[in-house]
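Proteins come first, then strands; the chains are lettered A, B, ... in the order of their sequence lines, and each starts at number 1.
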2 protein chains.
Amino acid sequence: MARPRQFDEDRVITAAMDTFWRHGYEGTSTRDLCESTGLGPSSLYNTFGGKRELYLRALERYYETVTAEQIALLNAPGSAKERLRAMMLHSLDSDLDAAEGRRGCFAMNAAVEVAALDPDVKRSVRRTFDRVEDELCAVVGAGQATGEIAAGRDARALARLVQSTYYGLRVLSRVQDDRTVLLSTVDSTLAAL
Amino acid sequence: MARPRQFDEDRVITAAMDTFWRHGYEGTSTRDLCESTGLGPSSLYNTFGGKRELYLRALERYYETVTAEQIALLNAPGSAKERLRAMMLHSLDSDLDAAEGRRGCFAMNAAVEVAALDPDVKRSVRRTFDRVEDELCAVVGAGQATGEIAAGRDARALARLVQSTYYGLRVLSRVQDDRTVLLSTVDSTLAAL
DNA sequence: CGCGTTATGAAGCACTCGCTCCAAAACCAT
DNA sequence: ATGGTTTTGGAGCGAGTGCTTCATAACGCG
């Protein structure tokens, strides 16, 4: 019927996610996106609509890939606390890895930079955070069932406590390079459960 | 000797802080700064050097005013947990106040948006965070002295735990509008001490 | 093949970016 | 008042912004 696309849409979104993640929304120009995706501006606008829409797609992709990986770590074999620790360690090491560019958590970056200005971004990040909370809640519940975690307190409340500490650590990791300091806070969190 | 300045430097920095705080570093243009400070570009550049330097001054001012207020709440009369709670509640209500523009914590915004790109910004935010940690540590220590907080665990470790939860809550408040949800996490944190 | 349709690359739109330059203005010491 | 020094407003620099336009290219279908 017509000329087919010369690019793989998934690859393009992944490349765009990488660029937005690294430089933020305002810090990324449409030319940056053209360069990292390999698309010309006309293809990019024809396919996705514009910078904002592509950013939303990138956030979606982050949820499908990186957040999914966090959740997989939470559902891996092991005790509840081992699984919580594995997830936090994984993120922390990612945050501190200079080779990855110290770009942090894309969802958190979006929450801080864009959520107040764009309701769609706010909704997308909210969905990611809510999903993480749910998964944490399930792990805490499992820990309570085995007696590993005190059953007296509400699982949801404990999950939210872990989640807050987790994102707080990721904030601190932006200016704190000492892994052992952050690591000890992970252990304090688990000890408090 | 020469023509004196027509503006108050402190007022200008405070106005710049307000603008950077609201719109972020990349989201603020030099024209925005001229408008909010009332200065022409020549005065602004002659006095401060440039956008980046003014941002650093704004961060300094944040430390001197807003962070100082947080610390004052930590040192107000009351039990240790009451003081921790007062500080967290104050920030949370500020974060959720639509009239303030949902701009969050300026130091945290700087940590997330700029710290990886600018060592001076990283240092400045780090200093603020370290100071907050120290003050939290003092309050925790006081709580342990009165028996309000279990003396078994290291005060510094508990302070870092509180700090992480605190900044994590401020991240979540960017997408979570329900005050009671965030509030319950504050209480979970205090209960875990 | 030729047609209808869509994708592509390049040029470029109006506008904004951070910043500079400079003549005029405003002060104080003499 | 004059001279010396600094500040001020405004015009404007080159580069970059998000995005559009359009002729051309590349396909599947008849």
Side-chain angles (χ1 to χ4, degrees), chain A residues 1-59 109-110 113-114 116-121, chain B residues 1-59 109-110 113-121 124:
Chain A
M1 300 286 229
R3 178 175 178 177
R5 286 189 179 144
Q6 290 182 342
F7 60 88
D8 177 55
E9 196 168 308
D10 278 0
R11 284 184 175 281
V12 165
I13 293 174
T14 300
M17 175 186 78
D18 203 70
T19 306
F20 277 129
W21 190 356
R22 211 170 226 84
H23 303 112
Y25 182 76
E26 290 283 354
T28 300
S29 73
T30 55
R31 276 159 183 85
D32 292 336
L33 291 167
C34 287
E35 193 168 347
S36 67
T37 62
L39 295 194
S42 51
S43 295
L44 208 154
Y45 279 83
N46 184 40
T47 310
F48 300 102
K51 182 181 173 182
R52 197 190 84 98
E53 287 77 10
L54 188 51
Y55 187 75
L56 285 165
R57 297 290 294 273
L59 267 180
N109 299 352
E113 187 194 354
V114 196
L117 311 168
D118 189 323
D120 290 328
V121 169
Chain B
M1 296 285 225
R3 178 174 176 176
R5 285 191 179 143
Q6 289 181 344
F7 59 88
D8 177 51
E9 197 167 307
D10 278 359
R11 283 184 176 280
V12 166
I13 293 173
T14 300
M17 174 186 80
D18 204 70
T19 306
F20 278 128
W21 189 357
R22 211 173 227 83
H23 303 111
Y25 182 76
E26 290 284 353
T28 299
S29 73
T30 54
R31 278 160 182 86
D32 292 336
L33 291 168
C34 286
E35 193 167 348
S36 67
T37 62
L39 295 194
S42 53
S43 295
L44 207 154
Y45 279 81
N46 185 41
T47 309
F48 299 102
K51 182 182 172 180
R52 198 191 83 98
E53 287 77 10
L54 189 51
Y55 187 75
L56 284 165
R57 298 290 296 271
L59 267 179
N109 299 352
E113 188 196 352
V114 196
L117 312 169
D118 190 323
D120 291 328
V121 169
S124 179

For the atom pair CD (A:Glu113) and CG (A:Asp118), what is the distance rounded to the nearest 0.5 Å?
11.0 Å
What is the distance from CZ of B:Phe48 to C1' of C:dC19, rounded to the nearest Å?
16 Å
Classify every nucleotide of nucleotides 3-13 of chain C by which part a protein heavy atom approaches to under 4.0 Å, writing B for the base, S for the sugar-phosphate alone and - for neither, in 5'-to-3' order.
-BBBBSBBBB-
Quick one: B:Lys51 NZ to C:dC19 C1', roughly how many Å, whole number?
12 Å
Once you round it to whole Å, what is the distance between P of D:dG18 and CD of A:Glu35?
13 Å
Partner of A:Ser36 by side-chain contact (heavy atoms from CB on, under 4.5 Å), out of A:Asp18, A:Thr28, A:Thr19
A:Thr19
So, do A:Tyr25 and A:Leu117 sit near enough that their side-chain heavy atoms are less than 4.5 Å apart?
no
Looking at C:dC17, I'd like to know if its phosphate oxygens (OP1 or OP2) sit under 4.0 Å from a side-chain N or O belonging to B:Ser29.
yes
Is it the case that the side chains of B:Ser29 and B:Asp32 hold a donor-acceptor pair, with the cut-off being a distance below 3.5 Å and no angle test?
yes
Taken to the nearest whole Å, CD/A:Glu26 to C1'/C:dC17 is 12 Å
Whole Å only: how far is the OH atom of B:Tyr45 from the P atom of D:dG10?
18 Å
Using side-chain heavy atoms (C-beta onward) and a distance below 4.5 Å, is A:Phe20 in contact with A:Lys51?
yes
Could you state the CG-C1' distance from B:Leu33 to C:dC19, rounded to the nearest angstrom?
13 Å
So do A:Phe48 and A:Val12 actually touch side chain to side chain, heavy atoms under 4.5 Å?
yes
